[in-house]
Novice: 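First, the structure itself, so that you have it in front of you.
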Amino acid sequence: MTETTQTRTPDSRPTGGLSAQYQPGEVEQRRYETWVSAGYFTADPASDKPAFSIVIPPPNVTGSLHIGHALDHTIQDTLSRLKRMQGFEVLWLPGMDHAGIATQNVVERQLAGQRLSRHDLGREKFVEKVWEWKAQSGGAILGQMRRLGDSVDWSRERFTMDEGLSRAVQTIFKRLYDDSLIYRANRIINWCPRCLTALSDIEVEHTDDEGELISIRYGDGDNAIVVATTRAETMLGDTAVAVHPDDERYRHLVGTEVELPLTGRRIPIVADEHVDPSFGTGAVKVTPAHDPNDFEIGQRHSLPSITIMDERAVVTVPGPFEGLDRYEARPAIVDALREQGRIVAEKRPYLHSVGHCSRCKTTVEPRLSLQWFVNTAPLAKKAGDAVRDGRVTIEPAELAKRYFAWVDNMHDWCISRQLWWGHRIPVWYGPDGEVVCVGPDEQPPTGDGWRQDEDVLDTWFSSALWPFSTMGWPEQTPELEKFYPTSVLVTGYDILFFWVARMMMFGLYAMDDVQPFDVVNLHGMVRDGHGKKMSKSFGNVVDPLDWIDRYGADATRFTLARGANPGSDVPISEEWCQGSRNFCNKLWNATRFALMNGVTVEGPLPDKTELSAIDKWILSRLEHVIGEVDELFATYEYAKVCDTLYHFAWDDVCDWYLELSKPVLASENAGTTQRVLGHVLDQLLRLLHPVIPFVTEELWIALTGGETVTKAAWPTADKELIDDAAEEELAALQKVVTEVRRFRSDQGLKPTQRVTAALTGLGNVGIDTHEPLIRSLARLDRPSAGFTATATLAVTGGITVDLDTRGTIDVAAERARLEKDRAAAEKELAQSRAKLGNDAFLAKAPEQVVAKIKDRLATAEADLTRIAAALDGLPTT
RNA sequence: GGGCGCGUAGCUCAGCGGGAGAGCACUCGCCUUACAAGCGAGGGGUCGCAGGUUCGAAACCUGCCGCGCCCA
């Protein structure tokens with residue numbers, strides 16, 4: 001980065017104490033503390049205002065703020081601040097989930113450093129340790145959220161393991177149990193042999209991995225059948241071979257038995273519809289205890305299930321392979337089979353889909369075990385219907401398809417985890433096989449032989465209750481009364497299944513069919529400046545705190561929001577963040593300029609009759625922008641909100657309105673413009689505040705002397721201020737100024753070099769009164785006696801600028817410029833002529849379109865005439 | 001294998017039936033008393049390919065090619 005140089009003498013006019021550059025570091029912490037201590041973010045359930053509520057998708061207690069959170073929170077904060085300004089009673093409720101596996105892993109790793117395992121401590125002591133860890137090191141993210149500016153209600157911070165939320169968990173468990181929507185069964189589940197716990201389907205990530213495909217001959221002679229498998233080691237647990245019933249190759253073998261090699265067991269050959277005859281040899285080995293599909297086949301054919309591995313995926317079958325883990329057992333077994341001449345084919349590498357634990361990436365081992373499940377079908381049906389019948393809207397709507405695909409085909413949800421950190425399953429088992437589910441106010445059975453289920457619940461089980469458990473459910477609280485259902489859930493589309501579906505299921509179930517949120521606003525994943533996924537191995541991960549340190553929270557937020565187009569991922573790069581920082585600085589300096597020039601927000605806007613066309617124009621533009629921003633927010637178009645405000649602020653306000661206002665502000669007639677500029681900046685800062693809260697707060701207070709922009713009223717569009725005539729005038733003015741500037745640039749005239757020029761034809765477009773302004777912006781002096789033009793500019797609209805460039809002009813440059821203009825005009829002319837020469841076009845195109853083309857043709861013709869004249873007037877050399 | 005989405009300027013993306021746009025990058029000229037984190041001007045695209053619909057297609061339809069994601 002280059003050092004900035006300050007060569008100008010400091011301006012002595014009052015600046016409201018604003019330095020020449022915005023320094024976010026000096027503003028952010030101070031402002032945030034003021035906001036929180038003033039209670040601006042504290043929600044009042046007794047308020048008369050309409051409610052707007054968001055519960056934060058609870059981050060993991062072990063986690064820290066990553067760029068995905070930063071995006072998610074920026075959106076939530078933007079909505080919260082917007083609604084607060086719009087007069088809603090806003091609750092944005094913060095908190096964290098207890099992250100069963102992740103947190104237990106962290107603490108176990110700590111213990112391992114002292115050569116201890118959780119079993120050395122025992123369950124009670126271990127859980128105490130985890131709470132200690134949470135108190136000391138957990139929840140780093142909460143502090144980081146303050147850096148980002150999150151306007152959450154800290155007085156209502158919640159944690160999924162809190163007493164109240166735990167009570168909610170037990171309540172819902174008991175209800176579901178009593179409604180037979182929770183059951184315990186022996187099923188094939190996803191097992192992580194490292195975390196030593198069951199996982200739900202969506203905690204498993206599938207990747208295409210290189211493995212091997214081994215074809216093994218079972219049986220001998222006429223009876224032989226060849227099966228293909230990627231998991232040869234599981235053959236020890238085979239209890240059948242399956243073929244497709246229509247497969248001619250094997251029809252004669254169905255119903256017979258073969259000997260399973262290495263074991264001496266005889267297993268049947270069964271026919272099953274689900275076998276794919278085109279895979280491998282068309283015959284598959286069936287291992288019901290170690291493969292979900294095989295388990296199904298086993299069920300259909302009443303096959304026994306033989307578990308051949310323990311919870312660490314170590315072979316337990318007595319014999320030569322006992323004690324080998326699954327990856328040692330595989331080659332050993334293949335070797336043994338090869339020695340027997342039973343290996344028919346070996347394919348390596350063989351690419352196939354493999355499931356991994358989403359926490360630790362260990363390959364998941366399908367495992368037959370006794371677990372608790374939620375019977376999701378009836379719950380999922382309602383969750384789908386709530387979206388189908390419009391009670392809940394998914395934004396963007398295209399993602400609803402994915403939602404339906406999930407909820408309409410949901411498997412039962414395995415909710416038991418073999419962990420100690422979490423909500424323990426409230427079920428007691430008696431000495432005579434009794435099973436008692438205990439509700440929150442009930443006493444568990446006591447006496448000999450009674451024991452509680454050892455497992456805890458999936459973290460997502462408690463997270464699914466978050467929209468109402470955080471508000472005090474199952475008590476009927478004022479918070480629930482006021483703020484449930486929540487207004488919107490903001491989260492990444494990758495969380496659609498984790499969050500949205502499960503919160504919908506439980507919310508509708510627990511809250512008498514009232515949905516947990518009205519709108520689901522899904523955003524994409526944050527990617528790097530080339531659209532690549534961020535990953536540590538790529539080294540392209542952005543730390544939002546680093547950006548906040550170097551560019552400010554506002555710049556970081558603006559960069560994220562500006563990339564957040566509905567449904568698509570959000571690319572960001574440091575250069576763009578610099579641009580956002582620059583934008584904040586631009587606002588800073590525009591306000592600084594305004595303060596140096598005596599702007600005011602006092603009193604009503606001057607009457608329209610007192611306003612100049614310039615003032616009317618910027619007010620008209622402002623009204624358009626307010627309307628656009630409202631529409632864009634209503635459709636969750638954050639990127640376009642940012643874009644609209646960026647261009648209004650930078651182009652309209654700074655590049656044109658401020659420049660045009662300079663001569664007025666320096667004159668005796670500054671009053672009106674001082675008031676209008678004050679108004680425009682006041683409104684602009686309000687409009688930007690939801691996205692970039694810090695700099696707008698600092699500037700708005702400096703500008704208005706008000707208490708805080710966080711509570712200022714959101715601008716409302718006033719159609720009375722829209723002024724088409726003023727907008728047309730300004731467009732014409734801009735055109736003239738830009739044309740002169742282009743000429744000057746092409747001619748290599750220094751910006752400081754004033755040029756004498758005569759302007760004619762301004763009255764054609766009604767901008768003759770703006771001649772002084774045009775001269776000011778284009779740096780043109782009035783002609784004096786003896787003025788002779790050395791060049792002539794023809795501007796669309798019949799305006800002519802005759803310039804005296806004091807000496808020679810660069811004829812070649814000027815000719816090139818005119819030739820370029822001519823080419824453009826000729827292209828325009830040809831296109832319009834072609835259209836107007838087409839009878840079908842004239843007959844079928846709408847009138848306005850035809851009129852527009854005619855107009856374009858006329859303009860092109862007039863331009864060509866003027867350009868030709870200018871070219872003719874050039875000296876020939 | 002099933003489903004969804006995307007290919008528009010060097011990069012990242014808007015536009016989704018009537019004149020090809022933005023930000024950044026690039027070129028040229030500037031300390032023009034708010035801002036060099038700035039100002040002014042400029043260059044740059046047969047809108048993936050091929051058909052079709054239409055007076056008119058970047059946009060709608062079909063096919064193909066390439067890329068990505070989700071599910072199995």
Novice: Among B/U12, B/C69, B/C30, which nucleotide has an atom closest to any side-chain atom of A/Lys750?
Specialist: B/C30
Novice: Check whether any side-chain heavy atom of A/Lys662 lies under 4.5 Å from a side-chain heavy atom of A/Phe593, and answer yes or no.
Specialist: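 A/Lys662 reaches A/Phe593 side chain to side chain.
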Novice: Could you please name the option among B/C55, B/C4, B/A72 that lies closest to any side-chain atom of A/Ser353?
Specialist: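 Minimum distance to the A/Ser353 side chain belongs to B/A72.
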Novice: Looking at B/G19, does its base get a donor-acceptor pair with the side chain of A/Arg856 below 3.5 Å?
Specialist: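 By the distance-only test, yes, there is a pair.
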Novice: Please determine whether any donor N or O and acceptor N or O are separated by less than 3.5 Å between the side chain of A/Glu828 and the base of B/G19.
Specialist: yes
Novice: Between A/Asp655 and A/Asn589, which has a closest nucleotide on RNA chain B that is more 5'?
Specialist: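 Nearest nucleotide further toward 5': that of A/Asn589.
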Novice: Looking at B/A41, B/C69, B/C35, which one has an atom nearest to any side-chain atom of A/Arg592?
Specialist: B/C35
Novice: Using the side-chain heavy atoms of A/Ala845, tell me which of these nucleotides is nearest: B/A37, B/G18, B/C70.
Specialist: B/G18
Novice: Would you tell me if any nitrogen or oxygen in the side chain of A/Lys662 comes within less than 4.0 Å of OP1 or OP2 on B/U32?
Specialist: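 Checking A/Lys662 against B/U32: no side-chain N or O falls below 4.0 Å of OP1 or OP2.
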Novice: I want to check one thing: is the phosphate of B/G38, taken as OP1 and OP2, less than 4.0 Å away from some side-chain N or O of A/Asn582?
Specialist: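 Answer yes for this pair, as a side-chain N or O of A/Asn582 is under 4.0 Å from OP1 or OP2.
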Novice: Test for a donor-acceptor pair under 3.5 Å between the base of B/A37 and the side chain of A/Arg581, counting only N and O atoms.
Specialist: yes
Novice: What is the separation between atom CZ on A/Arg402 and atom P on B/C71, rounded to the nearest whole Å?
Specialist: 8 Å
Novice: Nearest to the side chain of A/Lys835, which nucleotide is it out of B/A41, B/G19, B/U12?
Specialist: B/G19
Novice: A/Glu637 or A/Arg562: which one's nearest nucleotide on RNA chain B is closer to the 5' end?
Specialist: A/Glu637
Novice: Which nucleotide wins on minimum distance to the side chain of A/Pro571, given the candidates B/G15, B/U12, B/A34?
Specialist: B/U12
Novice: Which nucleotide in the set B/C69, B/A37, B/A34 lies at the smallest distance from any side-chain heavy atom of A/Asn585?
Specialist: B/A37
Novice: Are A/His523 and A/Leu71 packed together at the side-chain level, in the sense that at least one heavy-atom pair is separated by less than 4.5 angstrom?
Specialist: yes
Novice: So, does A/Trp650 get its side chain near the phosphate of B/C39, meaning an N or O under 4.0 Å from OP1 or OP2?
Specialist: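 The answer is yes; a side-chain N or O of A/Trp650 sits under 4.0 Å from OP1 or OP2.
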Novice: Using a 6.0 Å distance limit plus a 45 degree cone around the ring axis, check whether A/Arg741 lies over the aromatic ring of A/Trp656.
Specialist: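 Satisfied, under 6.0 Å and within 45°.
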Novice: How are the rings of A/Trp460 and A/Trp499 set relative to one another: parallel (under 30°), tilted (30 to 60°) or perpendicular (over 60°)?
Specialist: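 A/Trp460 vs A/Trp499 ring planes: perpendicular.
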Novice: Let's see if you can work this out: which of B/A72, B/A22, B/C55 has an atom nearest to the side-chain heavy atoms of A/His206?
Specialist: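 The listed nucleotide nearest to A/His206's side chain is B/A72.
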Novice: Can you figure out which of B/A41, B/C35, B/C30 approaches the side chain of A/Lys586 most closely?
Specialist: B/C35
Novice: Would you indicate which nucleotide in B/C13, B/U32, B/C24 comes nearest to any side-chain atom of A/Arg779?
Specialist: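 Per side-chain heavy atoms of A/Arg779, the pick is B/U32.
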Novice: Mind checking who B/G19 pairs with, Watson-Crick or G-U wobble, both distances under 3.5 Å?
Specialist: none
Novice: Expressed in angstrom and rounded to an integer, what is the separation of A/Gln21 atom CD from B/C31 atom P?
Specialist: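 A/Gln21 atom CD is separated from B/C31 atom P by 19 Å.
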Novice: Using a cut-off of strictly less than 4.0 Å, decide whether A/Ser568 has a side-chain nitrogen or oxygen near OP1 or OP2 of B/A14.
Specialist: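 Indeed, a polar side-chain atom of A/Ser568 lies that close.
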Novice: Establish, with yes or no, whether the OP1 or OP2 oxygen of B/G68 is under 4.0 angstrom from a side-chain nitrogen or oxygen of A/Lys533.
Specialist: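 A/Lys533 to B/G68 OP1/OP2: no side-chain N or O under 4.0 Å.
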Novice: Does A/Tyr646 make a side-chain N or O approach to OP1 or OP2 of B/C24 shorter than 4.0 Å?
Specialist: yes
Novice: In whole angstroms, how far is the P atom of B/G38 from the OH atom of A/Tyr22?
Specialist: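 Spelled out: OH on A/Tyr22 to P on B/G38 is 16 Å.
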